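Please read the structure below before turning to the comments.
Small disclaimer: the values here were computed from a predicted structure and weren't measured. Labels below follow one simple rule: chain letters A, B, ... track the order of the sequence lines, proteins then strands, and each chain is numbered from 1.
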There are 2 protein chains.
Amino acid sequence: MSLRYVILTALSEQDLTGYQITKEFDLVLGNLWSASHQQVYRELAKLADEGLASFEMEAQTGKPDRKIYSLTTAGKDDLSRWIEEPVLFAPTRNALLVKLYAGGNRDTLLEHVTCFKANCRAALAEYQAIAKRYYPERLEDMEEWKKRAYLTLRYGVTQREAQVAWAEEAEQVIGDLGQSDDTALDGDCGPDQAEAN
Amino acid sequence: MSLRYVILTALSEQDLTGYQITKEFDLVLGNLWSASHQQVYRELAKLADEGLASFEMEAQTGKPDRKIYSLTTAGKDDLSRWIEEPVLFAPTRNALLVKLYAGGNRDTLLEHVTCFKANCRAALAEYQAIAKRYYPERLEDMEEWKKRAYLTLRYGVTQREAQVAWAEEAEQVIGDLGQSDDTALDGDCGPDQAEAN
DNA sequence: TAGCCATATGCAACAGTGTGCATATGGCTA
DNA sequence: TAGCCATATGCACACTGTTGCATATGGCTA
């Protein structure tokens with residue numbers, strides 16, 4: 001149910017097209033939520049249908065026509081109401097941890113963890129690039145909306161840093177394990193392990 | 001697609017009923033994944049249907065009959081294959097960050113963050129209880145499967161600790177904000193800056 | 001005895017997300 | 001000119017997850 005409010009939030013800043021909102025998910029918004037363009041268009045249609053947003057067609061030269069969406073009063077009210085609601089915390093669902101728990105070949109697990117670490121580092125680099133570009137000033141000098149946005153970025157940074165640290169700890173521990181030790185699986189340490197996928 | 005493999009993992013340790021698997025999600029497994037009993041039963045039925053697991057009815061005295069599920073060879077193979085596959089990382093979806101980004105009343109945001117912090121602390125306390133009960137020995141003295149399980153718990157601990165630290169930082173920053181400052185909602189204060197991007 | 005709880009299993013409907021496919025404009029390049 | 005890319009929008013179906021409801025055994029307690 002949150003995607004709709006992410007979109008309402010984006011629209012509360014400025015009028016946007018579905019295409020632009022989708023792009024936002026690759027930038028600042030991506031740190032909070034993510035959605036495909038199909039999801040975005042579908043949700044926008046629903047929002048317009050329910051009167052929370054409205055749109056105007058805009059003809060362009062050299063590019064296809066587009067629909068520029070803006071919040072209605074009802075949309076603003078609904079967003080405000082939602083913000084006041086208690087936050088629903090999503091349960092953990094972590095495939096990497098499942099694989100680690102399940103067992104399997106040591107080198108495979110190491111690869112998974114190393115890949116995870118690389119992902120986290122890449123995310124960190126992106127966050128730092130965003131910080132440099134959008135939040136170059138000191139916290140005290142930021143406008144209030146910017147302080148709040150910066151906090152969401154800080155969340156991503158601190159989480160990723162903790163993940164990298166954990167990954168390094170995990171690499172150590174897994175590195176010290178024997179070659180193969182599935183929980184109750186094939187258990188052979190035979191020559192092969194077909195690289196799936 | 002992962003729920004099925006979480007269940008296969010649980011079954012790879014020992015034969016279990018749907019009821020027991022559901023209980024597991026409240027304990028150690030809860031740190032990796034979560035699912036309702038309806039989901040568990042549905043998935044078990046599918047696994048049996050596809051020949052990845054099989055079950056035997058067991059009559060009990062004083063309690064209802066139950067189905068004890070066990071992995072088939074095909075099930076073990078499928079689990080092994082899945083473990084080898086690259087991990088699919090789930091995109092971020094964080095309602096708290098959305099609300100923080102959107103704005104709203106300062107005290108509301110503070111409440112949300114404080115509630116989040118309390119949740120994290122509660123989770124930490126649970127993790128510590130589990131650590132004390134299930135992993136009292138030193139890491140070096142653990143069996144290999146236990147080292148891996150311990151790592152998954154460590155992940156939870158390090159993440160939660162980072163979240164608590166962030167929450168305290170956030171409380172500071174939000175505490176210094178003015179009373180009300182929605183992005184473009186009711187409480188406008190002059191010419192709203194709608195920062196592009 | 002009535003109601004609650006733990007044990008034990010499940011169906012049905014719906015909401016939310018993901019994936020594949022489709023369509024159209026027009027610029028740039030091989 | 002053919003193909004690719006960015007822009008721009010969307011449908012249909014499948015899968016995953018949530019919610020409400022249903023059923024049954026038997027112990028414990030008010």
Protein-nucleotide distance ([X], atom [atom1]; [N], atom [atom2]), rounded to Å:
X: A/Arg66; N: C/dG26; atom1: CZ; atom2: P; result: 15 Å
X: B/Asp65; N: C/dT9; atom1: CG; atom2: P; result: 9 Å
X: A/Lys63; N: D/dT9; atom1: NZ; atom2: C1'; result: 15 Å
X: B/Leu3; N: D/dC15; atom1: CG; atom2: C1'; result: 12 Å
X: A/Glu56; N: D/dT9; atom1: CD; atom2: P; result: 14 Å
X: B/His37; N: C/dC11; atom1: NE2; atom2: C1'; result: 11 Å
X: B/Ile68; N: C/dT7; atom1: CD1; atom2: C1'; result: 14 Å
X: A/Arg4; N: C/dG16; atom1: CZ; atom2: C1'; result: 12 Å

Between [options], which nucleotide gets closest to the side-chain atoms of [X]?
X: A/Tyr41; options: D/dG10, C/dA24, C/dG10; answer: D/dG10
X: A/Gln60; options: D/dA8, C/dA8, D/dT16; answer: D/dA8
X: A/Tyr19; options: D/dG17, D/dA6, D/dT18; answer: D/dA6

Whom does [N] pair with, Watson-Crick or G-U wobble, provided both distances fall under 3.5 Å?
N: D/dC15; value: C/dG16
N: C/dT29; value: D/dA2
N: C/dT23; value: D/dA8

Kindly indicate whether the side chain of A/Val164, heavy atoms from C-beta on, has any atom under 4.5 Å from the side chain of A/Glu168.
-> yes
Side chain to side chain, A/Tyr5 and B/Lys99, heavy atoms closer than 4.5 Å = no
Do any side-chain nitrogens or oxygens of A/Lys23 fall under 4.0 Å of OP1 or OP2 in D/dT7?
-> yes
OP1 or OP2 of D/dG17 sitting under 4.0 Å from any side-chain N/O of A/Arg93?
-> yes
Using a strict cut-off of less than 4.0 Å between a Lys/Arg side-chain nitrogen and an Asp/Glu carboxylate oxygen, indicate whether B/Asp78 and B/Arg81 qualify as a salt bridge.
-> yes
Carboxylate-amine/guanidinium proximity below 4.0 Å for A/Glu126 and A/Arg160 = no
Could you say whether B/Ala45 or A/Glu43 is positioned toward the 5' end of DNA chain C, judged by the nucleotide with the nearest heavy atom to each?
-> B/Ala45
5′-ward residue of the pair A/Ser34/B/Gly18 relative to DNA chain C | B/Gly18
Hey, is the side chain of A/Arg42 pairing donor to acceptor with the base of C/dG16 inside 3.5 Å?
-> no
Does CD belonging to A/Glu140 count more than 12 external heavy atoms closer than 6.0 Å?
-> yes
Stepwise, does the side-chain hydrogen bond (donor to acceptor under 3.5 Å, both in side chains) test hold for A/Tyr150 with A/Glu137?
-> CA-CA 11 Å; A/Tyr150 184 68; A/Glu137 68 270 55; over 6 Å; no
Base, sugar-phosphate alone, or nothing: which one does B/Gln39 contact when heavy atoms must sit under 4.0 Å apart?
-> base
Under 4.0 angstrom, heavy atoms only, what part of the nucleic acid is B/Gln38 near: base, sugar-phosphate, or nothing?
-> base
